[in-house]
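Accompanying notes for the structure given below.
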Amino acid sequence: MNKVKEFLFKNKLVMLLFILSTSFFIYQHSANLSWDFASYVENAKYFVGEGNYYEHYRPPLMTFILSVLGIFSWVVAEYLFIVLVSLLFCYT
């Protein structure tokens with residue numbers, strides 16, 4: 001964990017780009033309704049027994065991650081998913 005902190009403090013440009021891009025994705029998600037994202041959330045609700053809509057041709061990984069994050073609330077799970085995926089891309 002110390003290496004990650006050291007990397008982020010040394011590379012302020014990477015940190016700035018991460019914050020800007022994640023902020024853009026969060027703004028974009030809150031500004032308009034995306035049918036794809038909404039259907040993944042509905043699939044996640046169906047997986048945990050809270051929904052009645054399911055699209056069987058959607059890949060299950062995002063649905064599974066959203067269903068795990070759904071313990072916080074569904075709105076918070078959506079934004080947590082965006083931040084986690086952004087962190088994953090920043091790490092890679």
Side-chain angles (χ1 to χ4, degrees):
M1 190 68 172
N2 288 335
K3 288 186 179 187
V4 173
K5 287 181 184 179
E6 187 177 311
F7 172 77
L8 291 177
F9 286 121
K10 282 185 180 178
N11 297 310
K12 297 205 186 299
L13 178 64
V14 172
M15 192 68 176
L16 178 68
L17 286 173
F18 168 74
I19 291 170
L20 288 175
S21 63
T22 305
S23 300
F24 173 73
F25 292 138
I26 289 173
Y27 168 74
Q28 188 178 17
H29 180 70
S30 64
N32 63 0
L33 178 65
S34 169
W35 169 253
D36 288 332
F37 207 94
S39 64
Y40 280 112
V41 172
E42 289 297 319
N43 282 355
K45 288 180 182 179
Y46 183 84
F47 272 11
V48 297
E50 293 182 16
N52 54 6
Y53 179 78
Y54 180 72
E55 291 184 359
H56 66 283
Y57 56 86
R58 300 263 177 199
L61 182 61
M62 182 174 170
T63 301
F64 174 73
I65 294 171
L66 280 170
S67 63
V68 170
L69 293 174
I71 60 172
F72 300 109
S73 79
W74 292 110
V75 175
V76 173
E78 294 176 19
Y79 291 104
L80 277 175
F81 179 80
I82 292 170
V83 170
L84 288 175
V85 169
S86 190
L87 277 170
L88 177 68
F89 277 105
C90 181
Y91 177 73
T92 58

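Worth knowing before you read on, the calculation uses all heavy atoms, side chains too, and leaves out hydrogens, waters and symmetry mates.
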- Task: Apply side chain to side chain donor-acceptor pair (under 3.5 Å) to E50 and list each qualifying residue two or more places apart in sequence or on a separate chain.
- Result: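 With neighbours one apart ignored, the set is W74.
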
To the closest 0.5 Å, what do you measure between [atom1] ([X]) and [atom2] ([Y])?
{"X": "Y40", "Y": "S34", "atom1": "OH", "atom2": "OG", "value": "10.0 Å"}
{"X": "N52", "Y": "K45", "atom1": "CG", "atom2": "NZ", "value": "10.0 Å"}
{"X": "L61", "Y": "I65", "atom1": "CG", "atom2": "CD1", "value": "4.0 Å"}
{"X": "E78", "Y": "S30", "atom1": "CD", "atom2": "OG", "value": "10.5 Å"}
{"X": "F81", "Y": "S86", "atom1": "CZ", "atom2": "OG", "value": "11.0 Å"}
{"X": "L66", "Y": "F37", "atom1": "CG", "atom2": "CZ", "value": "5.5 Å"}

Please say yes or no: joined through hydrophobic side-chain contacts below 4.5 Å, possibly via intermediate residues, are [X] and [Y] part of one cluster?
{"X": "L17", "Y": "M15", "value": "no"}
{"X": "L16", "Y": "Y27", "value": "no"}
{"X": "I71", "Y": "L84", "value": "yes"}
{"X": "L20", "Y": "L13", "value": "no"}

- Using only heavy-atom distances, determine whether the side chains of T63 and R58 contain a donor-acceptor pair under 3.5 Å.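 Their side chains do not contain a donor-acceptor pair, so the 3.5 Å distance test is not met.
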
- Do the non-hydrogen side-chain atoms of Y46 and S67 ever get within less than 4.5 Å of each other?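 No, side chains not in contact.
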
- More than 12 non-hydrogen atoms from neighbouring residues, nucleotides or ligands closer than 6.0 Å to OH on Y53, yes or no?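 Yes, enclosed.
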
- Is a side-chain N or O of N43 found less than 3.5 angstrom from the main chain of E55, in a donor-acceptor match?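 Checked: pair present.
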
- Message: For V76 versus F72, what's the shortest heavy-atom pair and its separation?
- Response: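 The pair with the smallest heavy-atom distance is CG1-CB, 4.0 Å.
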
- Query: What's the verdict on ring pair (Phe, Tyr, Trp, His ring centres under 6.0 Å) for F47 and Y54, showing C-alpha distance, side-chain angles and the deciding distance?
  - Reply: CA-CA 9 Å; F47 272 11; Y54 180 72; 5.8 Å; yes

- Query: Listed by chain and number, what are the side-chain contact (heavy atoms from CB on, under 4.5 Å) partners of I26, not counting sequence neighbours?
  - Reply: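 With neighbours one apart ignored, the set is T22, Y79, I82, V83.
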
